[in-house]
Visitor: 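Quick one: the structure is below, questions incoming.
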Amino acid sequence: MLSKRIIPCLDVHDGRVVKGTNFVQLRDAGDPVELAALYDKEGADELIFLDITASSDKRETMVDVVRRTAEQVFIPFTIGGGLRTIEDIRRMLRAGADKIALNTSAVQMPRLIQEGAHAFGSQCIVVAIDARSTAPGKWEVYIHGGRTATGRDVLEWAAEAEALGAGEILLTSMDRDGTKIGYELELTKAVSRAVSLPVIASGGVGTLEHLVEGLTLGEADAVLAASIFHYKEYSIEEAKRYLAERGILVRKTW
Amino acid sequence: MIGIVDYGRGNLRSVEKALEKVGYQAKIMNEPQELSEIDGLILPGVGAFADAMGALKIMGWIEPLTQFAHSGRPFLGICLGMQLLFEIGEEHGEHAGLGLLAGRVIKFPPGGKVPHMGWNSLNLVQSSRLLEGIPNQSDFYFVHSYYADPSESRDIIATSDYGIVFPAVVGRENVWGAQFHPEKSSPWGLKLLTNFGKLVNDNVALSSN
């Protein structure tokens, strides 16, 4: 049967990983490619790189990261951040990315989801949604890295993204992001039930039990985590063993 | 030399790099004429069945691929490339495939999430040199909404379970197909590509004797 996935996320700025420098065994902990290869070796099921480079003229740097990653990493990886056109998407896929994630550009130009899915297949179009709670059971979509409210309802947007051809939803709770108190389970469950696409839970993980919660109570198909892995609080293997002990089906890599 | 068919569909670079990683030289081929220099062939593919067959046809690949398969040299289809090996695909209407293996490509029944995306384990149903050294229940990375339904069960080498049991690896004589992406299924996917590389080299050694 299909395993639940554990997905480390790497924030990349100007071609360098900006969080997570506690990997003493790496020659250069700031090199996203070296970190990605380590996660592959440790048993990560996929990887996501979020390019947080502000200026678009530095985009070529990210293409180079993708190219080098594809030479060394043999698990699927997704690139997100600043992709605004079909040509941007094509360039990342050509360089070796398996999927791309659209956030702000998808909200502003929903057609991009449709065109991307048509040109490259739904399987490589991930729609990333940054959600903030507005009332019990209600969440609003934010864009521009969480700085701009859109007035759009998260559940409606997720359903629309699916209808347009998205293949997966990467769902981040902005209320929980960075708090380490656990995923927002109500949100995750609501989106998982609103779409028939795989949902990746993100934002708030601080313990291995949070991963379990996201996959069970939150009904997510995959869990994304950044700091607990980057800062070596837990290894991927520890996380997978923990999930397996709790009866969750994971890809065994030990 | 292993050739990878480039018909504008699929992540060729990943396949090429994965082969290099396990020690085999690969060449991305844009022209069917290049097949004469090739000892083993990989047909990758992402996207829709009819669209892919259309692209192969326009670029003049159909007949050369069939001849290659009949030449006895190892031939591996990956993901959509595996589905194209069969006679008929039912994605967006009925479309003819390469017909190197007997059977149809059909959609997952409603109920589960489609595409079937992620890591799933293999149940080995018969031994094959392609899967040599790969333990039963090893995990591989899948992304697909349709699956092959071979007419002859002896063509099924391994299955996987996604609500229904479907063929994950198929093959007959020198033609094989993997529904998953070996190039994205470290570590066992790389083992499969190593085995394929060995099959290619052994075939070369055999032919030159």
Side-chain angles (χ1 to χ4, degrees), chain A residues 1-7 37 39-47 66-77 90 92-99 117-126 162 166-169 192 195-200 219 221-222 240 249-254, chain B residues 6 8-22 45-49 51-52 79-80 91 108 110-121 123 135 137-145 160-165 180-193:
Chain A
M1 294 298 292
L2 193 64
S3 298
K4 298 290 186 180
R5 290 170 281 155
I6 293 188
I7 308 178
Y39 281 139
D40 175 355
K41 209 170 106 201
E42 281 194 341
D45 297 313
E46 283 187 51
L47 296 169
V66 173
R67 206 169 277 140
R68 289 191 294 123
T69 302
E71 288 168 10
Q72 294 181 40
V73 171
F74 300 99
I75 56 173
F77 64 97
R90 187 191 312 273
M92 290 304 179
L93 297 176
R94 275 253 173 97
D98 298 282
K99 312 178 194 178
H118 186 252
F120 311 112
S122 290
Q123 83 289 338
C124 67
I125 308 294
V126 181
E162 175 174 28
E168 197 165 25
I169 303 284
S192 292
V195 296
S196 61
L197 302 176
V199 172
I200 306 168
E219 302 180 11
D221 300 276
K240 287 192 152 182
L249 187 63
V250 292
R251 175 173 73 111
K252 286 196 177 62
T253 44
W254 60 88
Chain B
D6 182 4
R9 311 287 185 283
N11 197 340
L12 308 179
R13 195 175 146 75
S14 298
V15 178
E16 182 191 14
K17 292 297 160 192
L19 284 167
E20 275 176 22
K21 171 83 178 176
V22 297
V46 169
F49 192 97
D51 173 65
C79 195
L80 179 63
E91 190 170 1
F108 277 114
K113 291 185 177 184
V114 170
H116 168 226
M117 177 160 68
W119 295 83
N120 207 330
S121 50
N123 303 299
Q137 297 300 318
S138 299
D139 289 292
F140 292 83
Y141 189 81
F142 291 81
V143 186
H144 61 124
S145 303
S160 205
D161 185 345
Y162 187 57
I164 57 159
V165 173
F180 48 80
H181 288 273
E183 76 281 11
K184 288 290 166 180
S185 300
S186 167
W188 298 114
L190 296 183
K191 175 69 177 162
L192 184 151
L193 291 175

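Quick note on labels: first sequence line is chain A, next is B, and so on, each numbered from 1.
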Visitor: Looking at every heavy atom in both S14(B) and G96(A), which two are closest together, and how far apart are they?
Guide: OG-O, 4.0 Å
Visitor: Ignoring hydrogens and geometry, is there a side-chain-to-backbone donor-acceptor pair from K17(B) to A70(A) under 3.5 Å?
Guide: no
Visitor: Can you tell me which of D221(A), L93(A), V73(A) forms the most heavy-atom pairs within a distance under 4.5 Å of chain B?
Guide: D221(A)
Visitor: Sort out for me which of L190(B), D139(B), N120(B) touches chain A most, counting heavy-atom pairs under 4.5 Å.
Guide: N120(B)
Visitor: Among P76(A), S3(A), G121(A), which has the most heavy-atom pairs under 4.5 Å with chain B?
Guide: P76(A)
Visitor: Counting only non-hydrogen atoms closer than 4.5 Å, does A222(A) touch chain B with its backbone (N, CA, C, O), its side chain (CB onward), both, or neither?
Guide: neither
Visitor: For V126(A), which residues count as a side chain to side chain contact (heavy atoms under 4.5 Å, CB included) partner, sequence neighbours excluded?
Guide: T78(A), K99(A), A101(A), E168(A), L170(A)
Visitor: Looking at V250(A), I75(A), T253(A), L249(A), which one forms a side chain to side chain contact (heavy atoms under 4.5 Å, CB included) with W119(B)?
Guide: I75(A)
Visitor: Would you say the side chain of E71(A) lies within less than 4.5 Å of the side chain of R13(B), judging by non-hydrogen atoms?
Guide: yes
Visitor: Begin from the C-alpha positions of L197(A) and K113(B) and carry the test side-chain contact (heavy atoms from CB on, under 4.5 Å) through to its verdict.
Guide: CA-CA 6 Å; L197(A) 302 176; K113(B) 291 185 177 184; over 6 Å; no
Visitor: Who among E20(B), M117(B), E183(B) has the most heavy-atom pairs with chain A under 4.5 Å?
Guide: M117(B)
Visitor: Please flag which part of A95(A) lies under 4.5 Å from any non-hydrogen atom of chain B: side chain, backbone, both or neither.
Guide: backbone
Visitor: If I measure from the heavy atoms of chain A, does S185(B) come under 4.5 Å with its side chain, its backbone, both, or neither?
Guide: backbone
Visitor: Side chain to side chain contact (heavy atoms under 4.5 Å, CB included) with S138(B): which residues, sequence neighbours excluded?
Guide: I134(B), P135(B), F140(B), W188(B)
Visitor: Determine, for K184(B) against D98(A), whether the closest basic-nitrogen to carboxylate-oxygen distance falls under 4.0 angstrom.
Guide: yes
Visitor: Which atoms of K252(A) come close to chain B, meaning under 4.5 Å heavy atom to heavy atom: side chain ones, backbone ones, both, or neither?
Guide: backbone
Visitor: Output yes when a side-chain donor or acceptor of D161(B) lies under 3.5 Å from a complementary backbone atom of M1(A), and no otherwise.
Guide: no
Visitor: Please look at H144(B) and chain A and tell me whether the side chain, the backbone, both or neither of the residue comes under 4.5 angstrom of a heavy atom of that chain.
Guide: neither
Visitor: Side chain, backbone, both or neither: which part of R94(A) has an atom under 4.5 Å from a heavy atom of chain B?
Guide: backbone
Visitor: For chain A, find which of G163(B), A18(B), A48(B) contributes the most heavy-atom pairs closer than 4.5 angstrom.
Guide: A18(B)
Visitor: Between Y141(B) and R251(A), is the side-chain contact (heavy atoms from CB on, under 4.5 Å) condition met? List the steps.
Guide: CA-CA 10 Å; Y141(B) 189 81; R251(A) 175 173 73 111; over 6 Å; no
